[in-house]
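Please read these numbers as outputs of a predicted model, since none were measured by experiment.
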Number of protein chains: 2
Amino acid sequence: MTKPRSRRGGGRPTIADVARKAGVGAITVSRALREPDRVSQDLRRQIQAAVEELGYVPDPNARALASARADVFGVLVPSLTNNVFAEVVRGIYDSLSDGPFRVQLGNTHYSGLEEERLLQVFAPQRPAALIVAGIDQTPTSRKLLESAGCPVVQVMETGPDPVDMLVGFSHFDGGRTATEHLIKSGYRRIGFIGARMDPRSQRRLAGYRAAMEKAGLFDPRLITTTPLLSSVTLGRELLRDALAKMPALDGVFCNNDDIALGVLFECHSAALDVPKTIGIVGFNDLEMMQAAFPPLTSIRTPRYEIGRRSVAMALAAIAGRRPEQRVIDLGFELKPRESTAR
Amino acid sequence: MTKPRSRRGGGRPTIADVARKAGVGAITVSRALREPDRVSQDLRRQIQAAVEELGYVPDPNARALASARADVFGVLVPSLTNNVFAEVVRGIYDSLSDGPFRVQLGNTHYSGLEEERLLQVFAPQRPAALIVAGIDQTPTSRKLLESAGCPVVQVMETGPDPVDMLVGFSHFDGGRTATEHLIKSGYRRIGFIGARMDPRSQRRLAGYRAAMEKAGLFDPRLITTTPLLSSVTLGRELLRDALAKMPALDGVFCNNDDIALGVLFECHSAALDVPKTIGIVGFNDLEMMQAAFPPLTSIRTPRYEIGRRSVAMALAAIAGRRPEQRVIDLGFELKPRESTAR
DNA sequence: CAATGTCATGGTAGCGCTACCATTTTTATC
DNA sequence: GATAAAAATGGTAGCGCTACCATGACATTG
C-alpha cells in the first residue's frame with residue numbers, strides 16, 4: 001500500500017484515467033488514439049468523449065520510451081538567421097505542424113564538427129527522420145546518419161551518392177546559368193564575388209568558372225572571395241576590392257543576394273551605372289531582389305519547397321512507401337531583371 | 001523467464017550496462033552523471049570510464065518520464081523567417097547549446113490561436129522553461145503559461161504585468177524616439193508606414209503619434225498601414241500610396257527595416273532625393289541599413305541579446321536563483337545616418 | 001457443423017530512468 | 001571510544017505508455 005507519488009504535472013490525467021472513465025482497457029485507449037481503425041466506432045466515441053472531458057494529452061516521453069521511437073524530426077541547418085535556411089526550416093515546420101511530429105532543430109554554424117556533435121545527440125533519440133543540409137558530411141557524420149535507423153533526407157543540393165534521400169538543386173548549374181546569362185547579355189569581364197565560401201558556394205564558383213572558361217573569358221583575378229560571414233556591408237567591400245584588382249570589371253556574379261545588394265549599393269555610391277557600366281546577378285532571389293532599384297537579376301531557388309518535399313519524402317518512407325525516386329532535383333530559375341539588361 | 005524484448009536502438013547500452021561494468025548500482029551511475037558531487041571521486045572515475053567505453057548516452061525520454069520534467073526549453077515565436085525573431089532564436093540556441101537543454105521551437109504565425117494550440121502541446125510536456133514572444137497572449141494562453149509550473153520569459157517588449165519574467169524594450173519609446181529624431185532633423189510632414197501591424201508595430205505607431213501630436217504635426221492622413229506581411233516590395237507600394245494621399249510628405253518612419261528599404265528604393269525609382277526631399281527611418285537596424293546608399297537611419301534593437309538574457313533568466317530561475325529583477329528593459333539605440341541628415 | 005480465420009478487446013510485462021527510502025560507511029563531537 | 005551526524009551507496013517501485021500475447025465473439029469455409 002504505497003501512496004501514489006503524484007509527480008508529473010500535478011495530477012494530469014493519464015491513459016488509465018481515460019480508460020477508467022470510458023470503461024475500457026488502457027490499451028484500447030492507446031489504440032483508439034493511434035490506430036482508430038482498429039477500434040469499434042462505439043468505443044472510439046466513448047473514448048473520445050472521455051479524452052475531451054479529462055483534457056487528456058498523451059505524454060510523448062512515455063510514448064517514446066515504450067515504443068522505442070520518438071515522433072521527432074531532427075533537422076540540422078548551418079544557420080538560423082540566414083534567410084535561405086530559415087525558409088527551408090519554415091517549409092519543414094509548416095509541413096509538420098498538423099501531424100504528430102515535433103521538430104528538433106540544430107544549428108551547425110557551418111561546422112562539420114558541430115554537425116557531428118549534434119548528430120551524436122540526435123541519433124540516440126531514435127528520431128522519426130533526420131533532415132540535414134548539404135552533402136558534405138564528415139565520415140563520422142555519414143556513419144551516424146547511415147546507422148540512425150530512420151529515413152534521412154539531405155537537402156539543398158543534388159549529388160551522386162545520397163545517404164538515403166536527397167532534395168535540392170545543382171549549385172554548379174546555378175552558378176553556370178547565372179554566368180552564362182551575364183555573358184549572353186554582353187558582359188565580358190565578369191567577376192565572381194563571394195563570402196562565406198561553404199561547399200555550395202564553392203560549387204557555384206565552379207559553375208561560374210566553367211562558363212567563363214568555355215567562353216574564353218576566365219581570369220583568376222576576376223575572383224574575389226572571403227571566408228567571412230556574408231553581409232551587405234561585405235558586398236560593398238568586396239566590390240571595392242574587386243575593382244581595385246580589376247578596374248575594367250563590367251559584371252559580377254554574387255555568391256548570394258546579400259552580397260549582390262551590397263554590390264548594388266556600392267555601385268550607387270561610386271556612381272557606377274547598373275546595368276550599363278556593371279551588370280549584377282545574385283543568388284537565391286530573396287524577395288528584396290525584385291524590389292531593388294534597379295531590380296536585381298538572381299537565381300531563384302526553391303527553399304521553401306525543399307523543406308516541404310523533404311518532409312513529404314520522409315513521411316512516405318516512414319509510412320513504408322519509400323519513394324522510388326530517392327533523389328529529387330527541384331531545379332532553379334533564372335530571373336533576369338534590369339540589373340543585367342544592358 | 002521472458003526473453004528480453006531488445007527493442008530500443010538495437011541494443012544501445014543502458015544505465016544498467018554501465019552500472020554492471022563499473023561494478024556499482026544503477027542509481028549511482030545516475031547520480032554520477034547528474035550530481036557528480038554526491039559521488040566519491042573513485043566511483044566517479046570508474047563510472048566515467050565505463051560510460052566512455054560503452055559509449056553510453058542517457059535516454060532523454062526515460063529521464064523525462066522518471067523525473068517528471070523534460071530538459072526542454074519551449075520557445076514560441078511568430079515567424080521563423082523574420083530576421084528579428086531568427087536572431088532571438090539564435091541567441092537562445094547559442095546560450096543553450098553546451099548545456100543539457102534542448103529547444104522546442106514553435107511558430108505561431110502571428111496568431112493568438114496558434115499560440116494557444118502550441119502551448120497546449122508544450123505545457124503538458126513539463127518543459128524546463130517557456131520563452132514566448134510578446135505580451136499580448138490570449139487569456140487562455142496566459143492561463144496555460146501561469147500554470148505551466150516552470151519559469152516563463154516573455155520577450156521582445158516591456159510591459160506592466162509579466163506572467164513571470166520579461167526581457168525586451170519599449171516599442172512605444174522606440175517609435176517616439178525615431179519620430180522625434182525626424183522632427184529634430186527638420187522634417188515636418190512625417191508619415192508612418194507599416195505592414196503587418198502586430199501589437200509591437202501598433203505600439204511603435206502609438207509612439208509616433210505621441211511625438212507628432214506633441215509637436216503639433218499629427219495628421220491621420222500621414223499614416224499608411226496594411227495587415228499584409230511585411231516585404232521590401234510592400235515598402236515601395238506603401239510609399240506610393242502615402243505619396244498619393246499626401247504628396248507633400250517629407251519624411252517617413254517605417255514599421256521595420258524591410259519597409260524602409262522598399263521606401264528607399266521607391267525614392268530612387270521616383271528620383272526623390274534622400275535625405276533632402278524625404279527622410280527615412282527604419283526599425284531594428286538590420287545589418288543592411290548601414291550598408292545602404294545612402295545609409296539608413298534606424299533604431300537598433302537588441303534581438304540577439306534578448307535571446308541570451310531570456311535564457312540566462314530562465315536558467316537562474318531553474319537553479320532556484322530567481323532574479324530579483326523580473327523585468328529587464330534592454331533599451332534600444334537610435335542610429336542616425338545619412339537618410340535623415342538633411 | 002467442426003475447423004479455421006478474423007476482429008475487437010484486454011492483461012501483463014516491460015521501455016530506461018530516477019524518487020524515495022533504507023542501509024552502510026565515514027567523519028565529527030563530546 | 002561511544003554516539004550522533006553526515007556522506008556514500010544501493011534496492012525497490014514506479015513514471016505513462018505500448019509491444020506482445022491471449023481471449024472470446026463472430027464470420028467463413030468445405
Side-chain angles (χ1 to χ4, degrees), chain A residues 1-20 22-47 51 54-71 100 124-126 128, chain B residues 1-20 22-47 51 54-71 100 124-126 128:
Chain A
M1 180 74 201
T2 52
K3 78 154 182 291
R5 261 198 274 169
S6 82
R7 285 182 291 185
R8 190 82 218 171
R12 268 181 58 234
T14 73
I15 202 169
D17 299 324
V18 177
R20 208 172 306 121
V24 299
I27 190 70
T28 304
V29 176
S30 175
R31 265 196 289 261
L33 264 40
R34 288 176 302 130
E35 320 165 85
D37 294 345
R38 304 175 56 81
V39 174
S40 70
Q41 219 183 6
D42 271 11
L43 286 192
R44 210 159 42 188
R45 257 200 289 268
Q46 272 169 253
I47 290 168
V51 163
L54 294 171
Y56 170 72
V57 182
D59 181 331
N61 296 119
R63 190 170 259 187
L65 182 59
S67 66
R69 74 186 115 73
D71 288 348
Q125 299 181 38
R126 310 240 92 205
Chain B
M1 181 75 202
T2 51
K3 77 153 183 288
R5 259 198 275 170
S6 83
R7 285 181 291 188
R8 191 82 220 170
R12 268 180 59 234
T14 73
I15 204 169
D17 298 324
V18 176
R20 209 171 307 120
V24 300
I27 191 70
T28 305
V29 175
S30 175
R31 264 197 289 261
L33 293 168
R34 290 176 302 130
E35 319 165 85
D37 294 346
R38 303 174 58 79
V39 175
S40 69
Q41 219 184 6
D42 272 9
L43 285 193
R44 208 159 42 189
R45 257 201 289 268
Q46 272 168 253
I47 289 168
V51 164
L54 293 171
Y56 169 72
V57 182
D59 181 330
N61 297 118
R63 188 170 261 185
L65 182 58
S67 67
R69 77 186 111 76
D71 287 347
Q125 299 181 37
R126 309 243 91 206

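Of the candidates C:dT9, D:dG16, D:dT9, C:dT9 carries the atom nearest the A:Ser40 side chain, counting heavy atoms from C-beta on. Of the listed nucleotides (D:dT18, C:dA19, C:dC17), C:dC17 has the atom at the smallest distance from the side chain of B:Pro58. The side chain of A:Val24 sits closest to C:dG10 out of D:dT9, C:dG10, C:dC15. Closest approach to the A:Thr28 side chain among C:dG16, D:dT18, C:dG10 is made by C:dG10 (side chain taken as heavy atoms from C-beta onward). Among the nucleotides D:dT9, C:dC17, C:dA19, the one closest to any side-chain atom of B:Ser67 is C:dA19. Of the candidate nucleotides D:dA19, C:dT9, C:dC20, C:dC20 has the atom lying nearest to any side-chain atom of B:Ile27.
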task = Give the C-alpha distance, both sets of side-chain angles, the deciding distance and a yes or no for side-chain contact (heavy atoms from CB on, under 4.5 Å) between A:Arg126 and B:Asp59.
result = CA-CA 10 Å; A:Arg126 310 240 92 205; B:Asp59 181 330; over 6 Å; no
request  = Would you please test B:Arg44 and B:Ile47 for side-chain contact (heavy atoms from CB on, under 4.5 Å) and show each step?
outcome  = CA-CA 5 Å; B:Arg44 208 159 42 189; B:Ile47 289 168; 5.9 Å; no
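Going from atom CG of B:Asp59 over to atom P of C:dC17 covers 6 Å, rounded to whole Å. Rounded to a whole Å, the CG atom of B:Leu43 is 13 Å from the C1' atom of C:dT24. Computed from coordinates, the B:Arg63 CZ to D:dG16 P distance equals 19 Å when rounded to whole Å. A straight line from CZ of A:Arg12 to P of D:dC15 spans 14 Å, rounded to a whole angstrom. The nearest whole Å value for the distance from the CG atom in B:Leu65 to the P atom in C:dC15 is 13 Å. In this structure, the CD1 atom of A:Ile15 is 13 Å from the P atom of C:dG11, given to the nearest Å. In this structure, CG of B:Asn61 is placed 10 Å from P of C:dC17, rounded to the nearest angstrom. A straight line from CD of B:Glu35 to C1' of C:dT18 spans 10 Å, rounded to a whole angstrom.
A:Arg34 comes within 4.0 angstrom of the backbone, heavy atoms only, and of no base.
For the pair A:Leu33 and A:Val51, the minimum side-chain heavy-atom distance is below 4.5 Å. Using a 4.5 Å heavy-atom threshold, the side chains of A:Ile15 and A:Ser30 count as touching.
Heavy-atom distances to DNA chain C give each of A:Arg38 and A:Ala26 a nearest nucleotide, and the one nearer the 5′ end belongs to A:Arg38.
Considering CZ of B:Arg20 and OG1 of B:Thr14, their distance stands at 6.5 Å, rounded to 0.5 Å.
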